[in-house]
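Scroll down for the structure; my scribbles are underneath it.
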Amino acid sequence: MENTRHSVETQDINKSTFNRRDMLKAGSLALGGLALGGLLTPANAASKPFKLPSRSNPLLLNFNESAYGYSSLVTRNLTKEFDNLSRYPIKAEEELKVAVAKFYGIKDDRVNITNGSSAALQSSIYAVNAFAQEQNVSLRVIVADPTFEFVESYAKPLGAEIIKVPVDSKFNINTDRMKTLEREFDGVSLVYICNPNNPTGNIINPNELYSWIKSAKSTTIFLIDEAYAEYITSTSFKSAIDTLREGVKNVIVARTFSKVYGLAALRIGYTISSPEWQKRIADFVELVGINLLGARAAAISLSDFAFRQYVVNTNNKSRQILTKALDSLELKYSPSYGNFVFHEITGDFDDFSKNMQNQNILVGRKFDKFDNFCRVTLGTPDEMQHYVKVLRNFRAKRLI
Ligand code: PLP
C-alpha cells in the first residue's frame with residue numbers, strides 16, 4: 001500500500017457548502033446567539049489543561065468523539081429549558097427542523113430530525129426497503145469495505161442482499177465496481193457512501209460521485225453519510241446537499257450534531273433529501289423521538305460559527321502533529337479529512353491496542369483485512385503530542 005500523504009489545504013470551512021452568504025448568515029445567527037446571552041468564546045472542554053491520562057481517566061481516542069466539548073452558548077442557554085422538562089419536545093423539534101433548513105438555505109420539507117444520525121441512517125434504509133417492497137422487487141445494499149458498519153447492521157434484518165466492495169490500495173472507494181453492481185441489478189439498489197469515510201477518513205472525488213449519481217438507474221438511491229463533513233477544509237470536497245439543491249432526487253444525506261458540534265450524548269441527527277424522500281423517510285422516523293435538551297442545544301450550536309471554526313482549525317493542528325510524526329516514523333496513513341486518522345502500526349492491532357491501553361489510551365477497534373492499521377481519533381493538540389510521544393516510545397521498544 002502506498003504512503004498517501006495529506007496536507008491541510010485551507011483554513012476555510014467547507015468551502016463548497018459554506019459560501020460567503022452562509023458565513024454572513026452564520027455571523028448574524030451568531031449575533032442572535034449573543035442576544036441569547038452567550039459570548040463567542042471558543043469552548044468549554046477545549047480550554048481544560050492537558051492532564052496525563054490515568055487508568056480512571058484514560059485518553060479517549062476510540063469513538064471519534066469531539067475533544068472540544070460544545071459551544072459555550074449551549075452552556076449558557078440550556079439550563080432555562082429545565083423548566084420545560086415536563087413537556088413533550090414537539091415544538092423544539094419543529095423549530096430545529098426550521099433552523100437546519102434555514103442553515104442550508106433550503107425548505108424544511110427536505111429535513112427530518114432524528115435521534116442521532118444513526119437513526120437517520122436507519123429510517124432511510126427502512127424507507128428505501130419499503131420503496132423496493134412497493135415495487136415487489138428485492139433490495140441490494142452496496143457499501144465500501146471498510147466503512148461505517150451501522151448500515152449493514154440495519155439492512156441485514158430486512159433480508160437485503162449486502163455487497164461489500166473493497167477500497168483500493170490508496171483507500172479510495174471503488175466506484176467503478178459499485179456502479180457495475182448497481183447497473184446490473186433489477187431490483188432497488190441502495191448505495192451507501194460515507195464521505196469522509198469511516199475508518200479511512202478520505203473523501204470521494206466529487207466529479208466521479210455526482211456524475212455517477214446523475215446517470216444511475218431511477219431505482220438506485222444514494223445514502224450519503226456526511227457525519228464528518230463539517231471538519232473538511234479542502235476545496236476538493238462537495239457536499240451531496242449541493243446536488244439536492246441542483247434538483248437531484250435520488251440522494252439522501254445524513255448528518256449529525258455528535259461530531260464537530262460535540263453533542264454526541266444528546267443524540268441529534270438529520271436527513272436532507274428531496275421532499276418526496278423526506279416524506280418516505282418520515283414514515284420510519286420515531287414519533288417524538290428526540291429530546292428537548294438535544295433539540296435546543298443543536299439549534300443553539302448551529303448559530304455559533306466561531307466555535308465550529310475553532311474546532312475545525314484546532315482539529316487541523318492536531319492532524320498535522322500526528323501526520324508529521326507518522327511521516328517521520330515511516331508509518332503509512334490514509335489521507336484524513338475528519339477528526340480521526342487511519343494509520344499503520346506494523347504489528348497486530350490487538351497487541352497495539354493492549355499496549356496503548358497500558359498507557360491509558362483507548363484507540364479505535366480492529367477492521368477486517370486491516371489488522372496492522374489503527375483508527376485513532378484526533379484529540380486536542382496536547383493530547384496528540386502525548387500520543388505521538390507514546391508512538392515514539394513504542395518505536396524505541398520495537399513495538400511498532
Ligand atoms: N455515521 C458515521 C460515519 C459515524 O462514524 C457515526 C458515529 O460514529 C455515525 C454516523 C452515528 O453518529 P450519531 O448517531 O451519533 O449521529
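Just so you know, these numbers come straight off a predicted model, no measurement behind them. Whatever order the structure lists them in is the order used to number ligands and atoms, beginning at 1.
If you chain together ILVMFWY residues whose side-chain heavy atoms come under 4.5 Å of each other, Leu60 ends up grouped with Leu362.
In this structure, a donor-acceptor pair under 3.5 Å is absent between the side chains of Tyr387 and Glu383. Asp304 and Tyr261 form no side-chain donor-acceptor contact under 3.5 Å, judged by distance and modelled atom types alone.
Looking only at distances, a side-chain donor or acceptor of Lys217 sits under 3.5 Å from a matching main-chain atom of Arg183.
Judged by a 6.0 Å distance limit and a 45° cone about the ring axis, Arg365 is positioned over the six-membered ring of Phe367. Taking the ring axis of Tyr231 as reference, the NZ or CZ atom of Lys259 does not stay both within 45° of it and closer than 6.0 Å to the ring centre.
Protein neighbours of ligand 1 below 4.0 Å, counting non-hydrogen atoms: Gly116, Ser117, Ser118, Phe148, Cys194, Asn198, Asp225, Ala227, Tyr228, Thr256, Ser258, Lys259, Arg267.
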